[in-house]
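Heads up, the thing below is written out as structure tokens.
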Amino acid sequence: MPNPPRLWWQDIDPVVWRCFGQPEDLARERNTAVLAALEELATRAPMSTPAEVSAQMREVGFRDPVSEAELRAVLEYLTSAHLVEPFRDYAALNAGLDAVVRRQEAWALTKIGRAVVAAVRSAVVDSRRALQLPSRLLDSVERTIRDLLDHLSSDAGLLPTDLDDVRTRLEEIQRVTADFYAALAQMVQSDVTDNLLFGENRDRVVEALRQFPREYGRALRRVESALNDLEIAGYRPLVEAAAGHAGLLDVRDQQNWIDERVRRLSDLAAWFAPSGSVQRLISSAAGAVHTLLVAIDRRYTALRRGSDLAADFRELAYSLYAQPDDDAARRVYAAAFGQWPAVHAVVGTVEEDVAHSATAAAGVSRHQVEVVLREHERVGRVSGRPRKVPDSAGARAAALAKAAAAAADRRRFAALLATGGEVPLSHFAGLETPALVILLGAIEVARNATDATTGYGEAQAEGANVVVRVRLGRPDVHVPVRFAEGVLVAPELFVLVTATDAGDGSAVAVERGAA
């Protein structure tokens, strides 16, 4: 008796797979082209002649010329691997060697051959597919389970098809989970400076994190409820009811068929158990956020350095070796690792100073700064002269100007929003649209973070250097506030907006004095 499906790895026959592992490229491609041609021909006729096989090989993309003798040698080799079987017409007259050859003019894949070719094709296609995260995956799982329960009482003839859908749902869940964990592993282990690799895995992780609260929070309870109903109905009675409509010609395979379907239903239920894989997948979302942030930090650090660390240390070793004495070598070492005065006058501020390329030019106190070997890449190509480093002065000036404008906008919005104390929402009537958007966004976040003991909620505003504190007034009172876009009817709220930078207080005073 063959091993159960879970132990498939113990039944691998190396003879069956040897045609896919030949070291010679042409022989391997010719063998697989013949198998691909026979797989498509199997849907058209029970047997195929060598001429039909040759024509179908060209259809599947094998353009090299193949003689009849070479094709027959390939077919005989595949026959020895139990993938192909010849059709022998024993009714033909045995008038000589030609008649014997004519008895073997038709060929077809064996049952093993069809399964092996389909498995190899699926493996090749799946290994090259794009990362996927199908939407409403849990909804389809719930629909499959509900169809099983409905057809058990109404139309048992559809149960075998529904059980095949269970296998499809299991494979989809396994593929999605494996893709997600593979993306996390790539972010941890691979070179994050590769834009293609980083972008693909970043989008995969972000999309998965975006769908977790939307998909799993909405459909997980319905799936668990459907699985509970299925467990009450019983896995084995349901599968035994389907076995009578499965078209099993060999009675000996019936028990294996039932055991396999019962195992699939048990595996699907195990995925959604309290400590199952879906719950572990949801709990790993926080770890995925941390992994993504670490990858972004590694990418930023690598781009600042300009080349890999090994190249930097090789250059340093060459410089140390070229020095005439130990004192000169120590000076090179001290310069490279920042052991010469690396303490500069700078003040750490809440807002990043974008007006100075070196922070030492902006502060009044001593601050330790990090020293790197170099910023720009100086590693040449494998052959030829190193490329000239492009002049980035224009791009840097534009970036500094853009950052300075953004910082000025943050200071201006902070001046518009800051209050001397707690004020009602009507205090901000007539506020300009950009500042209003910042304020309402911060109020919404603060409302969601309200502390039940104090009655307050605080949030850092996005786009302005202020902290917004919100307190709810009378819960049954709504106050209309007129803005440029119209009238906003909101609950009675009391808002306190405080600047987060010491410099913003003076800016508020100056602007109000000018007004």
Side-chain angles (χ1 to χ4, degrees), residues 2-9 115 118-119 122-123 126 129 131-182 207-208 211-248 253-285:
N3 283 330
R6 194 181 292 271
L7 303 179
W8 59 267
W9 49 273
S122 299
D126 287 346
R129 63 176 170 79
L131 292 174
Q132 300 172 5
L133 186 65
S135 62
R136 305 191 66 178
L137 176 58
L138 295 188
D139 289 338
S140 64
V141 174
E142 188 226 352
R143 184 68 267 162
T144 300
I145 300 172
R146 292 300 179 188
D147 288 343
L148 280 170
L149 296 173
D150 294 342
H151 295 156
L152 177 62
S153 57
S154 60
D155 191 354
L158 294 176
L159 287 177
T161 305
D162 295 335
L163 290 173
D164 290 337
D165 290 340
V166 171
R167 177 182 179 179
T168 302
R169 300 289 89 79
L170 271 173
E171 291 176 348
E172 288 177 349
I173 295 174
Q174 290 171 348
R175 184 177 65 247
V176 166
T177 307
D179 285 350
F180 176 68
Y181 286 136
E207 178 66 16
Q211 288 202 22
F212 277 147
R214 185 184 66 187
E215 298 289 339
Y216 289 83
R218 180 180 60 186
L220 187 57
R221 289 189 178 91
R222 296 203 303 268
V223 173
E224 292 173 346
S225 176
L227 286 171
N228 290 333
D229 295 341
L230 182 62
E231 186 177 2
I232 294 173
Y235 301 155
R236 187 164 291 274
L238 185 146
V239 176
E240 289 176 349
H245 305 275
L248 297 172
D253 292 337
Q254 182 172 352
Q255 189 59 44
N256 293 333
W257 189 90
I258 293 175
D259 292 341
E260 170 67 9
R261 268 64 183 177
V262 171
R263 184 183 65 82
R264 289 178 188 171
L265 293 176
S266 301
D267 290 346
L268 184 63
W271 270 86
F272 296 92
S275 59
S277 298
V278 171
Q279 297 294 338
R280 289 197 297 269
L281 184 65
I282 296 174
S283 63
S284 66

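Excluded from the calculations below are hydrogen atoms, water molecules and symmetry mates; all remaining heavy atoms, backbone and side chain alike, are included. What you see is a predicted model; the values in this text were computed from it and never measured. Throughout, residue positions are numbered sequentially from 1 according to the sequence presented.
- Looking at every heavy atom in both residues, Leu163 comes nearest to Ala242 through CD1-CB, 3.8 Å.
- In this structure, the salt bridge (charged side-chain N to carboxylate O under 4.0 Å, His left out) partners of Asp164, at least two apart in sequence or on a different chain, are Arg261.
- Legend: residues meeting side chain to side chain contact (heavy atoms under 4.5 Å, CB included) with Ala156, ordered by chain and number and at least two apart, are Leu159, His245.
- Checked against Leu170 for a side-chain contact (heavy atoms from CB on, under 4.5 Å), the options Leu265, Leu268, Thr144, Val141 give a single hit: Leu268.
- Contact annotation: the side chain of Glu260 never approaches that of Val239 to less than 4.5 Å [non-hydrogen atoms, C-beta and beyond].
- Qualifying side chain to side chain contact (heavy atoms under 4.5 Å, CB included) partners for Gln174, counting only residues two or more places apart in sequence or in other chains: Trp271.
- In this structure, the side chains of Asp147 and Thr161 stay at 4.5 Å or more apart for every pair of heavy atoms.
- Residues Asp229 and Arg146 are in side-chain contact: their nearest non-hydrogen atoms beyond the backbone lie under 4.5 Å apart.
- Of all the heavy atoms in Leu138 and Val223, the pair that sits closest is O-CG2, 3.3 Å.
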With salt bridge (charged side-chain N to carboxylate O under 4.0 Å, His left out) as the criterion, how do Arg169 and Glu172 come out once you've worked through the C-alpha distance, each side chain's angles and the decisive distance to 0.1 Å? CA-CA 5 Å; Arg169 300 289 89 79; Glu172 288 177 349; 3.1 Å; yes
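- Taking 4.0 Å as the cut-off between side-chain N and carboxylate O, Glu171 and Arg175 do not count as a salt-bridged pair.
- The nearest pair of heavy atoms linking Leu152 to Ala241 is CD1-CB, 4.1 Å.
- Annotation: side chain to side chain contact (heavy atoms under 4.5 Å, CB included) contacts of Ser266 (sequence neighbours excluded): Tyr235, Val262.
- Residues meeting the side chain to side chain contact (heavy atoms under 4.5 Å, CB included) test with Asp150, sequence neighbours left out: Arg143.
- The shortest non-hydrogen separation linking Trp257 to Pro160 is CZ2-CB, 4.4 Å.
- Arg236 pairs by the salt bridge (charged side-chain N to carboxylate O under 4.0 Å, His left out) definition with Asp259, not counting sequence neighbours.
- A pairwise comparison of heavy atoms in Ala226 and Ile145 identifies O-CG2, 3.5 Å as the closest pair.
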